[in-house]
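These numbers were taken from a predicted model, which means no experiment stands behind them. Letters A, B, ... mirror the listed sequences (proteins, then strands); counts begin at 1.
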Number of protein chains: 2
Amino acid sequence: MLSKKTKYGIKALTFLGRQEDNNPVAIASISKSENISLKFLESILLTLRKNGILASKKGKGGGYYLLKLPSEIPMTDVMRILEGPISMVPCVSLNFYEKCDDCPDENACAVHNLMMQVRDNTLDVFRNTSLADLCNC
Amino acid sequence: MLSKKTKYGIKALTFLGRQEDNNPVAIASISKSENISLKFLESILLTLRKNGILASKKGKGGGYYLLKLPSEIPMTDVMRILEGPISMVPCVSLNFYEKCDDCPDENACAVHNLMMQVRDNTLDVFRNTSLADLCNC
DNA sequence: ACAAACCCTATAGATTTAGTAGATTAATAA
DNA sequence: TTATTAATCTACTAAATCTATAGGGTTTGT
């Protein structure tokens with residue numbers, strides 16, 4: 001299941017991507033528009049900023065804005081930052097690999113081989129989708 | 001992330017599917033072979049039985065066995081029983097649909113549309129894979 | 001009698017989803 | 001220059017839910 005953190009994060013990014021200019025938008029403004037708990041959204045935007053997706057401006061007239069063009073933000077990046085690994089098991093993860101302790105041989109593991117396929121398909125979707133694609137729908 | 005419940009369940013099913021005959025196999029036997037906590041496995045096999053995948057026999061020589069041929073058990077069924085919905089958000093789920101309370105219009109929701117694609121791809125994998133496929137690897 | 005599944009309860013730990021309180025920074029008005 | 005206000009930032013807390021077991025007793029078939 002997708003966490004609300006990720007869901008809200010994507011919605012916030014889409015909201016920012018749909019702005020005409022790229023001026024800072026206050027958290028409260030996004031929070032109201034997208035029905036997201038303000039303080040929760042605050043922490044989500046913070047992690048997006050720390051990971052190079054967003055930038056922020058403090059003080060009056062401040063807020064968050066995109067660091068790149070929506071077309072230059074692939075959903076793989078967003079998903080990995082917010083949700084973590086894209087694969088359903090660590091033993092097939094590209095960026096978060098971890099060996100299973102209960103599994104003597106990965107290549108003989110039914111779960112491993114099945115989840116490889118799922119990962120490949122899911123990865124294809126995220127790789128071929130940028131934030132810009134989400135903004136136009 | 002795939003829960004251990006699902007992972008163990010698939011491993012147990014694969015183990016059963018690889019048996020030459022379809023005689024009952026004791027939980028303890030599966031537990032040892034696949035390195036799965038006995039009591040946890042117990043509850044997993046129980047839900048698989050209640051959902052028509054497995055049958056059981058009590059007493060001496062008893063255990064669990066498959067109700068159908070491995071080739072007749074699609075992974076969609078297994079996943080839905082053990083893991084629940086295949087989609088990452090309830091609002092794109094076929095079998096576990098639920099409306100989002102924060103979302104006024106599903107068709108305009110970026111998350112919704114993205115997750116539809118992911119669901120379709122994942123579903124394809126599970127639909128085209130039966131337990132028999134997992135047993136041969 | 002024994003061996004096996006069955007069933008019920010509890011629980012420690014992790015994760016998720018926030019809420020609360022206050023500090024810091026920057027623009028603006030007096 | 002100073003005060004005010006609007007905003008982000010930081011840290012702590014907390015409720016709720018989920019996960020992965022563990023324990024113990026019951027029932028049923030051989």
Side-chain angles (χ1 to χ4, degrees), chain A residues 1-12 16 23-32 34-51 53-67 81-85 88-90 96 98 100-102 111, chain B residues 1-12 16 23-32 34-51 53-67 81-85 88-90 96 98 100-102 111:
Chain A
M1 276 288 143
L2 200 73
S3 65
K4 294 210 171 178
K5 179 180 172 185
T6 305
K7 186 184 174 188
Y8 292 164
I10 295 175
K11 282 193 163 193
L16 289 175
N23 291 335
V25 179
I27 304 178
S29 175
I30 307 174
S31 159
K32 275 177 200 163
E34 301 293 324
N35 298 309
I36 305 172
S37 143
L38 188 118
K39 293 302 279 184
F40 193 25
L41 180 58
E42 203 177 314
S43 74
I44 295 169
L45 296 179
L46 207 56
T47 71
L48 285 170
R49 194 204 54 151
K50 285 180 180 165
N51 284 279
I53 304 288
L54 294 177
S56 66
K57 209 176 157 222
K58 282 189 182 179
K60 204 167 196 169
Y64 280 91
Y65 56 96
L66 292 172
L67 215 45
I81 291 168
L82 294 173
E83 190 72 7
M88 298 185 80
V89 279
F96 300 84
E98 227 173 298
C100 299
D101 39 355
D102 58 311
V111 178
Chain B
M1 276 287 144
L2 199 74
S3 66
K4 293 211 172 177
K5 180 179 173 185
T6 305
K7 186 184 173 187
Y8 291 166
I10 294 174
K11 282 193 163 195
L16 289 174
N23 291 335
V25 179
I27 303 178
S29 175
I30 307 175
S31 159
K32 277 176 200 165
E34 302 293 324
N35 299 309
I36 305 171
S37 143
L38 188 119
K39 295 297 280 185
F40 193 24
L41 182 57
E42 193 180 319
S43 74
I44 296 168
L45 297 179
L46 207 56
T47 70
L48 285 170
R49 194 206 54 148
K50 285 179 179 166
N51 284 280
I53 304 288
L54 294 177
S56 65
K57 212 178 155 216
K58 284 187 181 178
K60 200 169 197 171
Y64 280 92
Y65 57 96
L66 294 171
L67 256 178
I81 292 167
L82 294 173
E83 191 72 6
M88 298 184 82
V89 280
F96 300 83
E98 226 172 299
C100 298
D101 39 355
D102 59 312
V111 178

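For Phe40(A), the side-chain atoms get nearest to dT17(C) when compared with the rest of dT17(C), dA5(C), dA20(D). Closest approach to the Lys39(B) side chain among dC7(C), dT17(C), dA5(C) is made by dC7(C) (side chain taken as heavy atoms from C-beta onward). For Glu42(B), the listed nucleotide lying nearest its side chain is dG24(D); candidates were dA20(D), dG24(D), dT17(C).
Closest non-hydrogen pair, Ile81(A) versus Thr47(A), comes out as CG2-O, 4.3 Å. Considering every non-hydrogen atom in both Ile27(B) and Glu42(B), the closest pair reads CD1-CG, 3.8 Å. Taking every heavy atom of both residues into account, Ala55(A) and Arg49(A) meet most closely at CA-CG, 4.0 Å. Across Leu2(A) and Glu83(A), no two heavy atoms sit closer than the pair CA-OE2, 3.7 Å. Here the closest non-hydrogen pair linking Ile36(B) and Ser31(B) is O-OG, 2.8 Å.
Remark: P of dT8(D) and CG of Leu45(A) are 8 Å apart, rounded to the nearest angstrom.
Considering only side-chain N and O atoms, Ser37(A) lies nowhere under 4.0 angstrom from the phosphate OP1 or OP2 of dT17(C). Not one side-chain nitrogen or oxygen of Tyr8(A) sits closer than 4.0 Å to the OP1 or OP2 atom of dT17(C). A sub-4.0 Å separation between OP1 or OP2 of dC9(D) and a side-chain N or O of Ser56(A) is present. Phosphate contact (OP1/OP2 of dC6(C), side-chain N/O of Arg49(B), threshold under 4.0 Å): present.
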Close N or O pairs between protein and nucleotides 23-29 of chain C (under 3.5 Å):
none

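Comparing the end axes of the helix from dA1(C)-dT30(D) to dA30(C)-dT1(D), each fitted to five base pairs by superposing C1' atoms of four pairs onto the next four, gives an inter-axis angle of 0° (nearest 10 degrees).
Using a 4.0 Å heavy-atom distance criterion, Ile27(B) is classed as a sugar-phosphate-only contact. Within 4.0 Å (heavy atoms only), Lys4(B) reaches sugar-phosphate atoms of the nucleic acid but no base atom.
Both Val25(B) and Leu2(A) lie near DNA chain C, and the one whose nearest nucleotide falls closer to the 5' end is Val25(B). Closest-nucleotide positions on DNA chain D for Leu38(B) and Lys50(A) were compared, and the one nearer the 5' end corresponds to Lys50(A). Taking for each of Ala28(B) and Ser43(A) the nucleotide of DNA chain C with the nearest heavy atom, the 5'-most of the two is the partner of Ala28(B).
Side-chain contact between Leu67(B) and Ile53(B) is absent, with no heavy atoms from C-beta onward closer than 4.5 Å. Taking 4.5 Å as the limit, some side-chain heavy atom of Leu54(A) sits within range of a side-chain heavy atom of Leu16(A).
For the atom pair Tyr8(B) OH and Asn35(B) CG, the distance stands at 8.5 Å (nearest 0.5 Å).
The only member of Leu45(B), Leu48(B), Leu41(B) that meets side chain to side chain contact (heavy atoms under 4.5 Å, CB included) when paired with Tyr64(B) is Leu45(B).
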